[in-house]
A.B. asks: 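Mind looking over this structure? Questions follow.
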Amino acid sequence: MLHALLKKIGLAAAVTGVAVAGMSNASAQQDPIRVGTFLAVTGPASFLGDPELKTLQHWVEKINNQGGVDGRQIELVHYDTAGNAGKARTFAKRLITSDQVDVIVGGTTTGTTMAVIPLVQRYEIPFISLAGGVPIIDPVKKWVFKTPHTDRMAARKILKDMQARGFDKIGLISGTGGFGKSGRKQTLSVVGDYDIEIVADETYGPNDTDMTAQLTNIANTDGVDAILNFGFGQGPAIVTRNYEQLGLKLPFYQSHGVASKKFIELAGEAANGVRLPAAALLVAEKLPDDDPQKPVVTAYKKEYESTYNESVSTFGGHAYDGLMIATQAIKRAGTTDKAAVRDAIEQTSGLMGTGGEFNMGPDDHLGLDLSAFRMLEIRDGEWELAE
Amino acid sequence: MSALMTVEGLTKTFGGVNAISELSFEIQPGHIHSVIGPNGAGKTTLFNLVTGVYTPTEGRISFAGEDTRGMPPHALARLGMSRTFQNLQVCMNMTAPENVMVGRHLRLDRRFLPALLRLPAVTRGDRACREKAAELMRFVGLERYLDADADAMPYGALKRLEIARALAAEPRMLLLDEPAAGLNANETAEIDALIQRVAESGVTVVLVEHDMKLVMNISDHILVLNYGKKLAEGSSEEIRHNPEVISAYLGAA
Amino acid sequence: MWNRFRNPYAGLPVLAIVLAVLPLAFSNPYHYDVAIHVLINAVVAVGLNLLIGYAGQISLGHAGFFGLGAYTTGILSGVYGWPPLLSVLAALVVVGVLAFAVARPILRLSGHYLAMATLGLGILISIVISTEGWLTGGPDGMIVPTISVFGWELFGETRWYWVMAVLLLVAVWLALNLIDSPVGRALRAVHGSEVAAQVAGVNTISYKVLIFVVSAVFAALMGTASAHYSGFITPDLAGFFHSIEFVTMVVLGGMASTYGALIGAVILTTLPQLLTGFDDLEMVIFGAILMAVMIFMPRGLVPTLTARLRKGS
Amino acid sequence: MLGEFLQYLFSGLTTGATYALVGLGFAIIYNASHVINFAQGEFVMIGGMGTVMMMAAGVPMPLAVLGAVALAVIAGVALDKLAIERARDADIVPLIIITIGASLFLRGLAQYFWGKSYHSLPAFTGDEPLKVLGATLLPQSLWVLGVAAVLLVALAFFFNRTLKGKAMLAVSHNKDASRMVGINPRFILMLAFALSAALGAVAGIVSAPITLTSYDVGIMLGLKGFVAAVLGGLGSAVGAVIGGLLLGIMEAMAAGYISSDYKDAVPFVIILLVLFFLPSGLFGKRGTERV
């Protein structure tokens with residue numbers, strides 16, 4: 001332990017040394033592009049933040065090895081928020097005013113993102129969020145963009161699939177964390193657009209280890225045709241296991257919050273038959289060869305998995321998309337002038353990312369449509385296209 | 001002369017066992033009273049009952065003309081009752097004079113806002129209180145410790161500090177629970193003199209004590225307890241010659 | 001040497017000078033931001049120290065009051081459009097009334113039972129805030145408008161720094177006044193020996209209730225400040241960990257030492273910022289520091305160090 | 001109706017058994033030292049994560065289980081020797097901070113060496129649910145309940161029939177007196193930490209196939225164990241077990257019958273009410289303060 005600690009301190013010192021040396025070098029040549037990020041690398045949302053950070057670190061290094069952006073190296077400055085909004089705010093201020101970054105790509109959760117928005121708006125710095133909540137971009141905020149599909153889109157995708165399969169009464173169960181709560185709210189707000197009625201509405205806490213009581217309540221509600229779970233973390237895996245334990249036969253939907261291999265691993269056998277909306281990334285190899293997204297997602301997947309020796313999740317993909325949008329905007333703008341970069345980001349079009357094709361505009365700071373989402377079903381422990 | 005305190009049929013039960021049973025006695029003003037008895041006779045329990053630390057199971061207690069059964073200690077303090085403790089209850093987180101000043105609590109301006117804003121009325125009263133505390137510390141022979149933290153004082157000095165604190169309230173009745181316990185002969189003699197000086201100043205003193213010499217010397221009136229019951233009562237001369245007391249208590253010594 | 005440590009008021013001008021000079025060392029708003037958080041936490045710690053350090057009553061739920069203050073002003077000013085200053089006042093009243101209502105039964109408890117009860121209270125507050133999303137925005141938080149007083153907008157780091165600095169000075173002054181008064185002595189006596197205090201005429205439960213409410217109101221005031229300063233609040237503010245942070249500030253700096261609470265706030269607020277370079281080891285190091293300080297200086301930093309200085313002189 | 005009720009009950013008992021074992025760990029350490037060990041939940045984490053990690057490294061399950069328990073015991077003894085024993089004269093608040101520091105330290109190490117992912121353990125005897133009167137029960141739940149019951153019986157035997165166990169009880173009643181009859185309280189304290197670490201680790205291992213495990217599962221369990229111990233009355237082993245089971249059942253019943261939204265609030269409302277009316281918990285000693 002002590003050894004590891006000393007090594008780490010040594011490493012920190014070395015890094016500082018290199019950074020100082022690097023700074024004097026760089027000023028001799030050309031300033032690096034400073035990309036700031038604040039992510040929930042630890043805490044309950046760490047399974048989102050962790051692949052996000054890994055992705056950013058790897059691809060920044062890769063871009064630098066390939067000569068950087070317009071000949072300028074990228075320097076990544078990152079802080080761990082542990083999912084805490086207060087920390088996120090302080091770190092964002094640190095990134096903006098102390099580290100003086102040119103653009104921020106980060107904000108794992110909707111809560112941490114929302115906490116930072118007043119700051120980026122005031123300091124006028126382009127910010128690409130990696131969180132799902134609709135309120136981030138609706139209403140549109142001048143300096144704020146995001147890459148993941150919104151929870152409202154997920155809800156629509158799921159409800160559409162349910163309607164197509166003829167379900168008209170469904171049971172909803174959701175986590176009480178930010179993701180689950182927001183997902184529940186969006187589901188309730190758009191359900192009226194479909195011929196579907198929510199007849200049971202249950203919740204579970206972020207640390208709960210048994211949801212059989214809630215599922216029993218849903219199962220005992222008259223006329224339920226299908227169940228939808230909105231949540232992330234280990235909760236949905238436990239819900240899925242409990243669902244299996246109770247021997248429920250109803251069709252079972254999950255949200256995009258479970259779009260990582262970890263979910264299948266944790267839920268085990270019980271995961272088979274679960275449907276969820278997710279980005280094409282999860283089924284990269286299974287996409288038809290003429291799918292325009294195929295090259296991007298297979299390349300990202302291959303590189304991530306070989307670098308970190310773990311399965312890709314869509315979350316890391318959102319970070320990849322964010323980094324690509326930012327760097328390409330800087331390239332197009334030819335400068336790191338914040339207003340110019342912001343305008344360039346807003347003009348992003350036809351950019352093929354892991355989440356879909358981004359076509360942004362003054363009214364749309366996400367730039368994805370429902371087609372970016374694929375309905376998947378888990379069969380024999382593998383993601384399969386359901387459509 | 002009417003009694004300062006009257007106790008009638010006092011009983012206290014702990015888990016089915018009577019620590020005190022059917023005890024009745026009176027305390028006359030201005031006298032030095034002693035309560036004696038073997039270990040476990042219920043002396044400290046009696047003190048805790050009359051000072052409101054415990055609530056009696058049965059019986060009546062009146063003090064200064066009021067029925068005080070079930071009254072909390074701070075209300076009894078208002079009526080003029082004050083005490084010390086067998087195992088020290090000194091506030092070790094404070095200085096010696098501050099401990100004495102706590103004793104004067106009821107005679108100070110206790111309003112919250114003036115204290116918070118440090119209004120002159122409060123600081124003036126406090127300064128007077130500090131002087132009074134110093135005076136009391138001299139009275140009990142603690143002039144050496146006017147600057148000391150309580151936790152830096154020896155045992156014997158802490159016993160006197162408790163007496164000073166109890167006196168600071170200017171009580172009508174002072175209950176001393178084994179004031180000489182753990183003290184050497186010299187110190188005991190000093191305590192002896194101190195108690196007499198207190199009594200001379202007009203304070204009624206009630207004493208629990210093991211040191212027979214001290215008790216016999218200074219008491220006007222003695223109550224002997226055995227297994228929570230009254231064994232005998234009377235002047236020191238009467239007690240000294242009471243055969244039951246001799247066999248149950250003194251004889252053994 | 002001796003007397004300088006004995007007169008706590010001597011620290012006030014020193015503190016004032018430090019606060020006045022400190023901004024010279026700040027080179028950007030982030031530095032101000034950290035300083036403002038230090039000041040906010042320091043006031044909470046000074047208030048909580050009255051309860052924990054002086055009156056000897058533990059509370060593991062004060063973040064509940066902090067959060068409730070923040071949300072009350074946030075909701076009243078943000079959702080219902082009250083003038084911020086009025087909503088801050090209302091927040092203090094709400095928290096004060098709640099604290100008063102629960103104080104009596106809670107403070108009859110002592111030791112770990114008291115710890116449990118206050119912990120439970122804090123968690124209940126945070127659960128309600130997190131669950132009633134229609135009013136509070138739920139776990140994702142809510143936006144709080146800025147504060148303005150007679151047209152002067154309290155906005156930006158420098159203004160907030162000066163306002164908070166003055167508030168801290170006032171808070172320290174009030175705390176020192178209280179400690180060195182009949183009320184404060186009664187409180188300390190409750191800590192030293194509850195039964196002795198009672199026998200001396202101190203209505204101990206009333207005093208415990210009083211100081212519980214006072215410390216809750218200190219926390220609530222800073223909750224409102226934090227809300228209007230950040231412009232955004234989440235239920236984390238009321239959470240268990242935030243409560244633990246406050247208690248740790250008091251204990252680490254030194255119980256029953258107003259300046260200790262202050263130092264504790266400085267350390268606990270800046271340490272995480274200093275440890276960011278350690279990435280995954282941050283938690284390990286933070287935990288180790290907490291343990292080490294408490295093992296080797298169980299009375300806290302300031303009392304231990306001043307005692308050593310005294311011995312040395 | 002009955003099926004529903006039974007389902008809630010099974011659910012509550014399974015979670016409650018884990019709370020009970022953690023609460024029992026609190027009670028044992030509290031008895032030996034009057035310390036509330038907020039790092040108790042981390043022993044649960046070390047049990048579950050240790051087993052997962054050793055199995056991932058190719059260690060067969062029984063050995064991995066033993067190894068994980070041993071690891072937790074080492075952590076417990078280290079916590080006692082390096083921290084609690086050195087600070088034994090400290091007030092309760094600094095002691096609380098020390099154990100919180102220890103919990104952060106252990107959690108941080110687990111995160112550093114074992115990563116941040118959630119993991120699951122294979123169920124000991126299959127995943128096929130048993131049907132009981134319209135409710136279902138996982139075989140692993142029976143494992144949890146069975147192991148908890150066996151541990152309780154073993155502990156009862158230890159405390160009532162063995163010299164070391166009686167010595168522990170003696171120390172909890174009167175440290176000085178027990179020192180005089182030749183019991184070394186420092187050894188007893190170490191034993192208490194070892195024992196409750198082992199209890200926690202076992203709880204973590206048997207429950208991991210149901211609840212999943214990760215570096216941060218200890219936080220919630222530590223808190224719930226504390227609630228269980230206080231609900232039962234601090235220092236009462238029986239109380240802690242009953243407190244834990246009650247806690248689990250209350251949560252499940254609240255989720256089933258009242259509102260899943262306020263499920264987490266129910267235990268805290270109950271504990272406040274209990275403390276208001278029974279200030280030393282359900283089975284705690286009610287003593288009068290000695291002066």
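Below, chain A is the first sequence line, B the second, and so on; all start at residue 1. Bear in mind the structure is a predicted one, so any value in this text is a computation, not a measurement.
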A.B. asks: Which residue out of Ala197(C), Ala256(C), Ala196(C), Ala186(C) racks up the most heavy-atom pairs below 4.5 Å with chain B?
C.D. replies: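 With the most close heavy-atom pairs to chain B, the winner is Ala196(C).
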A.B. asks: Do Phe66(C) and Phe246(C) have ring centroids that are under 6.0 Å from one another?
C.D. replies: yes
A.B. asks: With a 4.5 angstrom heavy-atom cut-off, could you sort out which part of Ala189(C) is near chain B: side chain, backbone, both or neither?
C.D. replies: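 Both parts, backbone and side chain.
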A.B. asks: Run the salt-bridge test on Arg107(B) and Asp126(B) with the 4.0 Å N-O cut-off and return the result as yes or no.
C.D. replies: no
A.B. asks: Kindly say whether the aromatic ring centers of His221(B) and His31(B) come within a distance under 6.0 Å.
C.D. replies: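 Centroid separation for His221(B) and His31(B): 6.0 Å or greater.
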A.B. asks: Count the heavy-atom pairs under 4.5 Å between each of Asp180(C), Val202(C), Leu210(C) and chain B, then report the option with the highest count.
C.D. replies: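 Looking at each option in turn, the highest pair count goes to Val202(C).
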A.B. asks: Tell me, side chain or backbone of Val190(C) under 4.5 Å from chain B's heavy atoms, or both, or neither?
C.D. replies: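 No part of Val190(C) comes within 4.5 Å of chain B.
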A.B. asks: With chain C, which of Met92(B), Arg165(B), His74(B) has the greatest number of heavy-atom pairs at distances under 4.5 Å?
C.D. replies: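 Most pairs with chain C among the choices: His74(B).
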A.B. asks: Can you tell which of Asn177(C), Leu176(C), Leu178(C) has the highest number of heavy-atom pairs within less than 4.5 Å of chain B?
C.D. replies: Asn177(C)
A.B. asks: Using non-hydrogen atoms only, which part of Ile179(C) is less than 4.5 Å away from chain B: side chain, backbone, both, or neither?
C.D. replies: neither
A.B. asks: Could you tell me which portion of Leu76(B) (side chain, backbone, both or neither) has an atom closer than 4.5 angstrom to a non-hydrogen atom of chain C?
C.D. replies: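 Neither; nothing under 4.5 Å.
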A.B. asks: Counting only non-hydrogen atoms closer than 4.5 Å, does Leu88(B) touch chain C with its backbone (N, CA, C, O), its side chain (CB onward), both, or neither?
C.D. replies: neither
A.B. asks: Counting only heavy atoms closer than 4.5 Å, note whether Val102(B) contacts chain C via side chain, backbone, both or neither.
C.D. replies: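 Backbone plus side chain of Val102(B), per the 4.5 Å heavy-atom cut-off to chain C.
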A.B. asks: Please look at Ala169(B) and chain C and tell me whether the side chain, the backbone, both or neither of the residue comes under 4.5 angstrom of a heavy atom of that chain.
C.D. replies: neither
A.B. asks: Any non-hydrogen side-chain atom of Val250(C) less than 4.5 Å from a side-chain atom of Met255(C)?
C.D. replies: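 With C-beta onward as the side chain, the pair touches.
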A.B. asks: Salt-bridged, Glu190(B) to Arg160(B), with N to O below 4.0 Å?
C.D. replies: yes
A.B. asks: Within 45 degrees of the ring normal and closer than 6.0 Å to the centroid, is that where the cationic atom of Arg197(B) sits relative to Phe139(B)?
C.D. replies: yes
A.B. asks: Please rank Glu98(B), Arg111(B), Arg110(B) by heavy-atom pairs under 4.5 Å with chain C and give me the top one.
C.D. replies: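 So the answer, after comparing Glu98(B), Arg111(B), Arg110(B), is Glu98(B).
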A.B. asks: Under a 4.0 Å N-O cut-off, is there an ion pair linking Arg138(B) with Glu135(B)?
C.D. replies: no
A.B. asks: Thinking salt bridges, do Arg104(B) and Glu170(B) make one under a 4.0 Å N-O criterion?
C.D. replies: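 Looking at Glu170(B) together with Arg104(B), the answer is yes, because their closest N to O distance falls below 4.0 Å.
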A.B. asks: For the interface with chain C, which of Glu162(B), Arg78(B), Met94(B) has the highest count of heavy-atom pairs at distances below 4.5 Å?
C.D. replies: Met94(B)
A.B. asks: Between Arg124(B) and Asp109(B), is the closest basic N to carboxylate O distance under 4.0 Å?
C.D. replies: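 Salt bridge: no.
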